Amino acid sequence: MFAQVIVDVPSSQTDRQFDYFIPEKWERLVLPGMRVVVPFGPRKIQGFVVGTSVESSFKKTKPLEELLDIVPVLSEELIDLGNWLSEQTLSYKISAFQLMIPAALRTKVKKQVHSIVEGNQLPEGIRSLFIEKQPVLWTDLLQQSKPIIEECLRAIKNNQLEVEYLVEEKGKKKSEKYIRVLASAERLNDIPARAQKQKELVEFLLQNKAAISVSEAVKQVGTTRQTVKALIDKGLVEEFEQEVYRNPLAGIDFQRTEPLPLTSEQQKVITPIYDTLNNQSHRVFLLHGVTGSGKTEVYLQTINLALEQGKEAIMLVPEIALTPQMVERFKGRFGSKVAVLHSGLSMGEKYDEWRKIQRKEVQVVVGARSAIFAPFTNLGMIIIDEEHESSYKQEENPRYHARDVAIERAKNHECPVILGSATPSLESFARAQKNVYHLLTLKERVQNRPMPSVHIVDMREELRLGNRSMFSNALFEKLQDRLQKGEQSVLFLNRRGYSTFVMCRDCGYVASCEFCDISLTYHRAQNALKCHYCGHEERMPTTCESCDSEHIRFFGSGTQKVEEELTRVLPEARVIRMDIDTTRRKGAHEKLLSAFGRQEADILLGTQMIAKGLDFPNITLVGVIAADSMLHIPDFRSAERTFQLLEQVSGRAGRHQLLGEVVIQSYTPDHYSIDLVQSHDYDQFFQTEMAQRRFGQYPPYVYVVLITMAHSELMNVIHVAEKVTSFLKRELSEETTVLGPVASPLARIKDRYRYQCMIKYKNEPKLRKTLTEIRQHFNREINQGHLQMTIDLQPYLFT
DNA sequence: AGCACGCCGACT
DNA sequence: GTCGGCGTGCTC
């Protein structure tokens with residue numbers, strides 16, 4: 001028997017199957033989806049078995065070296081999915097497979113050297129290194145002086161030293177010491193009368209038939225490890241190692257909740273989902289529900305039905321929305337049937353959660369992007385909450401979108417997918433309009449709570465009235481008012497975007513490209529404004545093109561500056577600041593939020609991360625300091641992102657008894673992405689934005705591919721970029737547009753110059769073939785490490 | 001990705 | 001003549 005193996009060597013030349021002979025002792029044990037160690041050339045590496053066969057077309061096959069799993073870590077479905085994913089994203093198969101297993105199971109190859117002769121037969125200079133035939137790590141050896149290294153290399157040639165490859169797993173299963181009682185009740189008499197604690201402990205163990213961890217037993221009886229040790233010595237108690245799961249949620253009690261009664265709207269949207277579940281068919285639903293309309297309850301109840309059918313469910317949430325509040329709702333409803341996967345867990349904790357899924361100890365997974373690969377085998381439901389979120393797109397290879405993977409998996413399992421959002425992505429909503437997805441709508445908040453009222457403040461007007469601070473009068477007064485009433489406020493400042501945009505403070509005019517209708521980016525080095533899409537360039541103006549004012553400014557002030565300002569103008573307010581800087585430490589996020597929940601602060605000031613999932617009853621005011629900050633980054637999705645973010649932030653206010661109010665400060669209050677937040681009119685926003693996309697030929701009207709090339713020599717990268725562009729223009733069909741080459745928005749990273757070109761197409765059968773050819777053509781330069789080339793199909797980032 | 005093999009200049 | 005630099009190609 002032979003095994004087809006994908007080896008752990010990420011390169012284009014090894015991105016195919018290699019045949020290995022299965023030794024007789026493992027004949028029936030080797031199954032597709034298992035990890036193995038194989039000899040590969042002179043070394044040993046890890047690989048995934050993707051198939052077995054009776055024959056091999058190879059004359060000389062080496063045998064498998066080691067079997068790393070007893071049970072496959074990848075199901076047949078996940079192997080297929082991996083192949084599909086690598087085709088879709090033009091990445092290596094091995095990278096796709098590695099994505100699907102927890103980091104703890106990824107192996108590292110260690111190289112070490114040990115002596116195979118007696119010490120005194122080794123050359124004198126290196127004898128002290130290899131005492132007692134102890135192996136020396138290759139990396140340590142390389143730290144030695146040059147003559148020593150050379151002496152070692154010679155010894156290896158002379159068969160005095162041997163090189164050995166070790167394949168090691170990164171993570172370990174956690175085990176704890178457990179005890180069980182061996183003694184029957186009679187032998188209690190063997191314990192001396194004064195050994196009171198020993199007696200108590202044995203009695204306790206006899207009552208509790210099951211084995212118990214030492215630490216737990218000691219705690220329950222109220223004694224110390226010494227007692228346990230004495231009993232082990234007497235032979236009354238036995239100690240053994242037991243594998244345990246790390247529990248990231250230890251000590252937290254989740255209050256069980258029952259399904260809530262549904263509103264008639266919720267009932268209406270849930271019916272077709274139930275039908276699809278009952279028919280065991282595949283269908284994609286787009287659940288468009290305003291903030292606070294009870295989408296989560298719909299998720300919970302549909303998952304519940306899937307579980308009742310004996311199936312499993314995956315629920316994806318954006319990383320920053322994976323708050324304790326969200327986890328609590330799922331644990332509350334499904335208890336121990338839930339595993340949680342997010343980046344806050346340690347490698348070991350993630351491994352444990354993954355194994356719970358693999359062993360079918362849980363039926364529901366709540367997690368961020370990569371949880372879409374949860375090793376379930378009987379999926380009945382996949383939900384993607386906040387489906388418009390860009391964090392579902394992975395920005396490194398394999399550059400996949402969790403939404404696409406979800407739909408592919410759901411097809412494999414013939415089960416429904418729910419994409420949920422208050423502000424769906426244009427792509428998804430357009431698909432719903434074309435009936436590719438089935439649209440479900442929740443227009444009302446639960447219990448007839450009103451949507452928060454939104455005030456848009458024109459900051460140009462504020463300036464004219466002499467208010468130069470970052471808070472408008474309206475926002476300042478409302479903040480004071482909440483402070484007085486003891487209600488809480490949330491202040492939102494978006495610092496995203498790397499490049500400064502240029503704006504006139506008098507009229508709000510923003511310098512934008514005359515060909516692309518996208519804001520220009522300021523380049524300090526040349527004191528020029530550039531368009532990152534078409535390459536257009538103009539001098540940095542000194543006066544406003546529109547009103548001749550000299551108040552032309554670069555924009556961008558961070559949360560720290562706002563915090564400073566806040567303590568100056570409202571010294572009595574207690575402020576919690578939440579951004580990357582204050583939440584980097586593990587658990588800091590939860591700590592700050594729960595402090596705010598206990599009303600230990602009046603104002604929560606933060607970036608993106610406070611826009612989602614936040615649900616506190618006492619929040620009655622939401623302020624957005626600079627609504628335009630996102631609008632002018634050079635990205636065709638900037639208006640969409642602005643609207644989505646403003647809607648999300650607005651949704652944080654007035655979710656319970658108290659009414660909510662929102663203040664949005666803007667220099668361009670008439671822009672539709674800001675203006676339409678006032679009426680919470682998604683449909684109108686969709687219509688307007690679609691017209692823009694149509695005009696500029698952007699998604700969803702076309703598909704986009706971004707090719708980024710980087711090289712340390714500017715002339716070199718320009719040359720490559722030009723070759724790539726002209727090749728694409730020659731090979732691809734007439735209807736396809738190839739733009740560029742232009743310098744990337746981030747024109748130089750780590751001393752490499754970056755250029756990019758963009759493909760816009762509607763239907764391009766030769767696309768993948770052509771892109772693969774390009775990569776093949778520059779393969780040598782890429783392999784030599786001079787040239788970097790990334791190909792992003794359906795990119796979300798254009799840096 | 002590693003690693004061996006092999007071809008060319010520098011030097012004992 | 002030999003050592004070691006890097007370019008080329010292979011790994012079941």
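A, B, ... follow the sequence lines: proteins, then strands. Residue 1 opens every chain. These numbers come from a predicted model, not from an experiment. Note that these values count all heavy atoms, side chains included, but never hydrogens, waters or copies made by symmetry.
- Neither OP1 nor OP2 of B:dG2 sits under 4.0 Å from any side-chain N or O of A:K111.
- A salt bridge links A:E387 with A:R403: the closest approach of a Lys/Arg side-chain nitrogen to an acidic carboxylate oxygen falls below 4.0 angstrom.
- Remark: A:K360 engages A:E312 in a salt bridge, criterion side-chain N to carboxylate O under 4.0 Å.
- Taking the six-membered ring for Trp and thresholds of 30 and 60 degrees, A:F18 and A:F40 have ring planes more than 60 degrees apart, a perpendicular arrangement.
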Query - Per-nucleotide protein contact string for nucleotides 6-12 of chain C, where B marks a base within reach and S marks sugar-phosphate only (heavy atoms under 4.0 Å, - for neither) - result: --S-BBB
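- In this structure, the NZ atom of A:K110 is 16 Å from the P atom of B:dG2, given to the nearest Å.
- With sequence neighbours left out, A:R35 forms a side chain to side chain contact (heavy atoms under 4.5 Å, CB included) with A:Q46, A:F48, A:L68, A:D69, A:V73, A:I101, A:L105, A:T107, A:E169.
- Salt bridge A:E389/A:R369: absent, no basic N to carboxylate O contact under 4.0 Å.
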